[in-house]
Amino acid sequence: MDPRKDAKYHETAYTADRPTVRPVRSISSFSDSLMCMDEMLRAAQLPTTLITSKTFIDYSTRVPVGIKEMIITALSQMSRRSNAFRFVDYEVNIVQQDTVQNLTTILLNNNQMQLQRPALYMSGAIAFVDQSVLSNRNDAGLSGPRIDLGVSKSATATVIGLEMHIGDFRTRTLIPGLDSANEVVIGGGGQGLDLAGRIGTYGVTFNVGRDYAIGAGGAMRTLVDLATIELIGKWSRVPYWQCLTLDQTHPDFQRQMRDWYLESGGVAQAKLIQSSLIAQGYLAPGTEVLEKDSRDLRDALSRFQTDNGLVPNGTMDFRTYERALNRFVTLDNSGHLQRIGWASSGPNGGGQEGKAYAGYLPVKNAKELQLASTTGLDRTIDLQIKNPIGPGDKPTFEVGEQVFAAATVSRASHVYCYFNDAIGNVMRLTPNNVTPNSLVSANTVLRLPDWLVPNPAFIMDASQPGTERLACLATADDVMDKLPAPLQGAGVVNVPGYRSIEDVETAFRHALGDEPYSKAEVQWRVIPKKAQPVQQQPTANKAAPNA
């Protein structure tokens, strides 16, 4: 054979080598619970805690998964807005020396790098894997002069157990009570049909089968997310069980959503997803049903997918359907999943519930139909002071004391933050020369100042006695070029001609016209610095003269 004659065939390998389906984000049954924990930890105003993890061992050698990496992802997802945990990534692997480890060793030996000691660490292991705890198999056959028939059916169940603990890094002791031991069942099944027949001296055979197996990787991510929520909830003393009772944690949640997705059909899917985008403000109210390849629809889908942790491909796939409509699934009194807010009478999307969701009928249950009752025009800003604050209506700082704040937006937005001191000076804190980009992703913390970098762009000190203010404004598009010239100047300097936050907001209102914007503000009181008591220097006792 001459390989050159197969060149045309070999060229197809470039396209055949590509995946046939789009990649998706890895989402477990507790992904929404991790976001719930992030909000709960943020509300509790816990200080940032350094944490690390040991390598988790699989004593059974049957579940080759990266549990440590799953823990890092879970901690990161529950710290996006709360900044509750920072993972210390340092582990010496003598067998496999990588670039980061080599550079770390060199810098540490030369005193050019410092590692902060974590306060906590997580440890554990895959405790056991009981394979084929249940195994059923049924076979039946029928034989005749000219035909043979056989059918088979099988099912298996395997149990995996994961043990996790939290320890005090300083003493390398495991904290009593901070443990988690959970199990999950993964199974598989198959069906087969064999048919053989004879026509004269010739024979014909026919065989068909169908098998499925639940993967260990997805099951382990579910166990890790559950254990991390339990351990962090117990350690931080927050009511973490409220995040574990969400309907999205039901084992059949995604499978049931998938069935409804397939039943609804393309037209109903488009109407439902676009109604959700309108309700959440990604499409303008009153927008007609757009074509699947419409530029406006793809842009709205991409922004929605980005804000909800999905791959921004601009298509109406199942993951987008689930994220857009998962608030419309609940448990009935019998513990079964039921859909609320869209039609349940066939794939055409008819019925009273679907019309109510689309806005054609009044909403009867405002608690369950949250999306239908929201205007979607306002993006929300969560602005908080991160200093430990005692009881009282207004936080109080002494002159010279540093103030730390953090802001998050519910949707990807252009954010502009301004500081107004007690004597009427206004300066823009962000964007600035160090961070000139004003775009902030959804649910991403904007730190004011950024205390996680060694050289932040500014330091916010309580300067003069009185009331100081910090305000952030969020817009859909970058409006810096539309603002008056003084507001377009460099950041972290006093803006000439502007004396208050209201002056800045007025300029934004004129620049935007009818376009909506959002604003959040915090205030604190500055008092004179208290005089420190003078410490007297100890004096040496004089020896008494001899009598």
Side-chain angles (χ1 to χ4, degrees), residues 38 41-42 44-56 66-124 164-175 178 228 231-232 235-236 384-389 397-398 400-408 429-430 432-437 440-441 444-462 492:
D38 189 17
L41 295 173
R42 181 177 174 86
Q45 296 185 350
L46 294 178
T48 302
T49 302
L50 298 182
I51 190 171
T52 189
S53 173
K54 296 174 62 176
T55 299
F56 281 61
I67 296 181
K68 180 179 177 181
E69 282 67 29
M70 292 182 181
I71 292 175
I72 296 174
T73 301
L75 291 171
S76 176
Q77 289 180 357
M78 68 170 59
S79 303
R80 293 184 61 182
R81 302 184 66 185
S82 63
N83 196 39
F85 296 95
R86 290 176 61 195
F87 192 90
V88 180
D89 184 20
Y90 181 71
E91 185 174 7
V92 177
N93 188 341
I94 300 176
V95 178
Q96 184 178 3
Q97 298 278 334
D98 60 13
T99 303
V100 175
Q101 182 175 319
N102 291 333
L103 290 175
T104 303
T105 303
I106 294 173
L107 294 175
L108 283 175
N109 293 336
N110 294 331
N111 294 324
Q112 297 180 5
M113 182 178 181
Q114 289 184 346
L115 289 177
Q116 293 179 288
R117 185 186 69 187
L120 305 173
Y121 72 95
M122 306 187 77
S123 67
M164 285 180 56
H165 320 274
I166 283 185
D168 185 337
F169 190 87
R170 183 178 59 86
T171 60
R172 287 302 299 270
T173 57
L174 298 178
I175 304 175
L178 296 187
T228 306
L231 293 177
I232 296 303
W235 175 81
S236 59
Q384 294 183 358
I385 297 175
K386 302 302 292 184
N387 298 68
I389 299 174
F397 300 95
E398 295 182 5
E401 189 174 356
Q402 291 191 12
V403 181
F404 299 93
T408 57
L429 301 182
T430 181
N432 49 58
N433 294 333
V434 177
T435 56
N437 192 359
V440 177
S441 301
T444 300
V445 179
L446 175 63
R447 303 175 184 88
L448 303 167
D450 192 349
W451 58 82
L452 296 183
V453 298
N455 297 311
F458 59 90
I459 296 177
M460 193 160 51
D461 290 337
V492 203

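In this text the structure is predicted, and so the values were computed from the model without any measurement.
Every residue two or more places apart in sequence or in another chain was checked for a side chain to side chain donor-acceptor pair (under 3.5 Å) with Thr99, and none qualifies.
In this structure, CG in Leu174 is found 6.5 Å from NE2 in His165, a value given to the nearest 0.5 Å. Atom-to-atom distance recorded for Met113:CE and Ile106:CD1 is 11.5 Å, nearest 0.5 angstrom. Met164 CE to Ser53 OG: the interatomic distance, rounded to the nearest 0.5 Å, is 7.0 Å. For the atom pair CG (Leu120) and CD1 (Ile51), the distance works out to 5.0 Å, reported to the nearest 0.5 Å. Taking OG1 of Thr49 as the reference point, atom CG of Leu41 lies at 9.5 Å (rounded to 0.5 Å). With rounding to the nearest 0.5 angstrom, the CZ atom of Phe458 is 8.5 Å from the CG atom of Asp450.
The shortest distance between side-chain heavy atoms of Phe87 and Met122 does not fall below 4.5 Å. No side-chain heavy atom of Phe397 sits under 4.5 Å from any side-chain heavy atom of Asp461. Taking the side chain as every heavy atom from C-beta outward, Thr228 and Met78 approach each other to under 4.5 Å. No side-chain heavy atom of Leu448 sits under 4.5 Å from any side-chain heavy atom of Val403. Between Phe56 and Ile71, some side-chain heavy-atom pair lies under the 4.5 Å cut-off. Side-chain atoms of Ser82 and Asp38, non-hydrogen and from C-beta on, do get closer than 4.5 Å to each other. Using a 4.5 Å heavy-atom threshold, the side chains of Trp451 and Ile459 count as separate. Using a 4.5 Å cut-off on side-chain heavy atoms (C-beta onward), Val492 and Asn433 make no contact.
Among all heavy-atom pairs drawn from Val445 and Arg80, the shortest one is CG2-O, 2.5 Å. Annotation for Lys386 and Ala405: closest pair CG-C, 3.9 Å, computed over non-hydrogen atoms. Closest approach of Leu50 to Arg117, counting heavy atoms only: CD1-O, 3.8 Å. When all heavy atoms are compared, the tightest approach of Pro456 to Pro449 is CB-CB, 4.4 Å.
Judged by distance alone, the side chain of Thr52 and the main-chain N or O of Val88 form a donor-acceptor pair under 3.5 Å. Checked by atom type and distance alone, the side chain of Thr444 never pairs as donor or acceptor with a backbone atom of Val440 at under 3.5 Å. In this structure, the side chain of Ser76 does not engage the main chain of Ile72 through any donor-acceptor pair within 3.5 Å. The main-chain N or O of Leu429 is found under 3.5 Å from a side-chain atom of Asn432 such that the two form a donor-acceptor pair. In this structure, Asn387 contributes its side chain and Gln402 its backbone to a donor-acceptor pair below 3.5 Å.
With hydrogens and angles left out, the side-chain atoms of Thr173 and Asp168 include no donor and acceptor closer than 3.5 Å. Neither side chain, Asn102 nor Thr105, offers a donor N or O lying under 3.5 Å from an acceptor on the other.
In Lys54, the NZ atom is not crowded: 12 or fewer heavy atoms of neighbouring residues, nucleotides or ligands sit closer than 6.0 Å.
The aromatic rings of Trp235 and Phe85 are tilted relative to each other, their planes meeting at an angle between 30° and 60°.
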